[in-house]
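Shown next, in structure tokens, is the structure this report addresses.
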2 protein chains.
Amino acid sequence: MSLVQEARRRRVLEAAIDLLAEVGWERTTMAAIARRAKISKGLISYHFSGKDEVLTQVVETIVSEVFLRGSERMQPRIAAETTARGMLRAYIESNLEFVAEHWREMRALSEILPNLRDEEGRLRYDVTAEEPIIAATAAMLEHGQRTGEFRDFDAHAVAFSLRRAIDAAAHRLAADPTFDIAHYASEIADLYDQGCRA
Amino acid sequence: MSLVQEARRRRVLEAAIDLLAEVGWERTTMAAIARRAKISKGLISYHFSGKDEVLTQVVETIVSEVFLRGSERMQPRIAAETTARGMLRAYIESNLEFVAEHWREMRALSEILPNLRDEEGRLRYDVTAEEPIIAATAAMLEHGQRTGEFRDFDAHAVAFSLRRAIDAAAHRLAADPTFDIAHYASEIADLYDQGCRA
DNA sequence: CGTTAATTTGGCCGCACGGCCAAGAAACTG
DNA sequence: CAGTTTCTTGGCCGTGCGGCCAAATTAACG
């Protein structure tokens, strides 16, 4: 893959992410992506097999590059904690710090995931796509239950609601740039900290 | 308005709600609505000025009829409680009972609200549309803070996350009919009950 | 410099959409 | 039953989409 090819593909993917985050799925057309990337429409077809590949590449790029950095940011913060309570708070606050920096990518993902379909009309990424993330959070909560720090609750249900609370911050931030996400993180951490305690 | 007109309009709106809930915004086309309603495409144009009016009427119908019944179900349950804690639990559980019965309408709303735009491309219903609902919940939480039952937290932030937890149940129920929403309601009520306590 | 390959453009194509209408069918009226 | 209004159909039209390609432009190379 030549430097030009790499640069063009990157440029197209960036334009697609921008548009998905700013104007949503429906208005993210090939023409709009080309306009935003300052290239002609046909050039996208030269570098990608079609719209499908562009959006698939957006997902893969975000998952493999952005989420990797998110993981690198969150893991040490969580691992540094000795208590399950501390881990939960570190998880919530570091995850929301990550959202604050990468809400564009998260918005783009949340536009693609429920909309991108294959030829037969089936969703390319179905609703179970986020299950591993929720399961990982639930495992952390269950650890706290085993140590006796957390009361007996349905860890999956609580992890699910926590995931929604975190994802919602990306939507909110996209719609209202003045949204104080650090304050929100602190409040959500307090809520779940006290709500999970034994 | 004749009986036939009333019946046709109702039939079209029902078909639109079904489609929005089942296949989403993008696949809810005039042709699909007509097919679902078992009428010709042109007949929709006879009874409605266009797609815009159909979707606007869907929103108005749901808000004025469905939410009215939801309110009638929730209010007595909440009013019957004497404590703020009891009110919060009654709010969460009765609201989720309502979601269990009317998730189709809630899914339809959550498809229309972020997608329906006017001629200039502006969202017909912007993100502040749900603000009154959140504000009402926040007011209930603040009442609990004044009585001393609840600790000192940002009532709006907590109400916002609670709203997301409740709305998410409609999405989840649409994607997975086996989802145990009564159990979820109980878990969320426990979580917020303990999380808000002084 | 000439030749070949890589890159880029602008425009055309087929398709599905929302909207519209001519015409007919059905219901109502006196 | 004739006349009138209401209701319904099927199809046509313009638009914007994603995809595609011939031609032009630029880069690479001996």
Side-chain angles (χ1 to χ4, degrees), chain A residues 1-17 19-20 22-59 108 111-112 115-124, chain B residues 1-17 19-20 22-59 108 111-112 115-124:
Chain A
M1 174 108 39
S2 77
L3 280 176
V4 174
Q5 276 184 15
E6 193 66 46
R8 283 293 166 275
R9 289 178 69 94
R10 178 70 59 176
R11 194 185 182 88
V12 168
L13 296 182
E14 280 301 320
I17 291 172
L19 286 171
L20 286 164
E22 285 172 22
V23 302
W25 169 267
E26 204 164 8
R27 306 206 141 198
T28 301
T29 69
M30 294 291 265
I33 294 173
R35 215 176 307 124
R36 169 72 62 123
K38 300 272 182 59
I39 58 176
S40 73
K41 198 164 54 108
L43 191 52
I44 300 179
S45 297
Y46 177 75
H47 289 290
F48 295 87
S49 64
K51 190 179 189 180
D52 216 73
E53 199 203 338
V54 172
L55 297 172
T56 303
Q57 287 294 315
V58 166
V59 173
E111 289 292 324
I112 297 176
N115 281 306
L116 183 59
R117 295 168 187 271
D118 59 19
E119 308 76 23
E120 288 85 9
R122 294 181 302 246
L123 284 176
R124 178 92 59 189
Chain B
M1 172 110 37
S2 78
L3 280 176
V4 174
Q5 276 185 17
E6 194 65 45
R8 284 293 166 274
R9 289 178 71 95
R10 179 69 59 173
R11 192 184 183 90
V12 169
L13 297 182
E14 281 299 321
I17 292 172
L19 286 171
L20 287 164
E22 287 173 20
V23 302
W25 169 266
E26 202 163 10
R27 306 205 141 197
T28 302
T29 68
M30 294 292 264
I33 295 173
R35 215 176 308 124
R36 169 72 62 125
K38 302 273 182 58
I39 57 175
S40 72
K41 198 165 55 109
L43 190 53
I44 299 180
S45 296
Y46 177 75
H47 289 291
F48 295 87
S49 65
K51 190 180 189 180
D52 215 73
E53 198 204 337
V54 172
L55 296 172
T56 303
Q57 287 294 314
V58 166
V59 173
E111 290 292 325
I112 297 177
N115 282 305
L116 184 59
R117 294 167 187 272
D118 60 20
E119 307 76 24
E120 287 87 10
R122 294 181 301 247
L123 284 177
R124 178 91 61 188

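The shown structure was predicted, so the numbers you read here are calculated from the model rather than taken from an experiment. Below, chains carry the letters A, B, ... as their sequence lines are ordered, and counting in each starts from 1.
- The distance between atom CD1 of A:Ile44 and atom C1' of D:dC17, rounded to the nearest whole Å, is 13 Å.
- Atom CG in B:Leu116 sits about 14 Å away from atom C1' in C:dG18, given to the nearest Å.
- A:Ile39 places its CD1 atom 7 Å from the P atom of C:dT9, with the value rounded to the nearest Å.
- Computed from coordinates, the B:Glu26 CD to D:dC17 P distance equals 12 Å when rounded to whole Å.
- Separation of atoms CD1 (B:Ile44) and NZ (B:Lys51) is listed at 10.0 Å; rounding is to 0.5 Å.
- One finds a salt bridge joining B:Glu53 and B:Arg9 here, because a Lys/Arg side-chain nitrogen approaches an Asp/Glu carboxylate oxygen to under 4.0 Å.
- Between A:His47 and C:dA6, a side-chain N or O to OP1/OP2 separation shorter than 4.0 Å is absent.
- Side-chain nitrogen and oxygen atoms of A:Tyr46 include none within less than 4.0 Å of the OP1 or OP2 phosphate oxygen of C:dT8.
- Computed from coordinates, the A:Arg35 CZ to D:dG18 P distance equals 11 Å when rounded to whole Å.
- Distances were taken from every side-chain heavy atom of B:Ser40 (C-beta onward) to each of D:dG19, C:dG18, D:dG10; the shortest belongs to D:dG10.
- Regarding contacts with the backbone of C:dA6, every side-chain N or O of A:Arg8 stays at 4.0 angstrom or more from both OP1 and OP2.
- Between atom CG of residue A:Leu55 and atom OG1 of residue A:Thr28 there is a gap of 8.0 Å, rounded to the nearest 0.5 Å.
- In this structure, the CG atom of B:Leu43 is 16 Å from the P atom of C:dA25, given to the nearest Å.
- Across D:dG10, D:dC17, C:dG19, the shortest atom-to-atom separation from the side chain of A:Thr29 is found for D:dC17.
- Across the protein-nucleic acid pair, B:Met30 atom CE and D:dT15 atom C1' stand 16 Å apart, rounded to whole Å.
- Expressed to the nearest 0.5 Å, how far CG of A:Leu123 lies from CD1 of A:Ile112 amounts to 12.5 Å.
- None of B:Glu14, B:Glu22, B:Arg11 except one satisfies the side-chain contact (heavy atoms from CB on, under 4.5 Å) rule with B:Arg36; the exception is B:Glu22.
- Among the protein residues, A:Gly42 comes within range of the nucleic acid bases, having at least one heavy atom under 4.0 Å from a base atom.
- Between the CG atom of A:Leu19 and the P atom of D:dC17 there is a distance of 12 Å, rounded to whole Å.
- Applying the 3.5 Å distance criterion, the base of D:dG10 shares no donor-acceptor pair with the side chain of B:Lys41.
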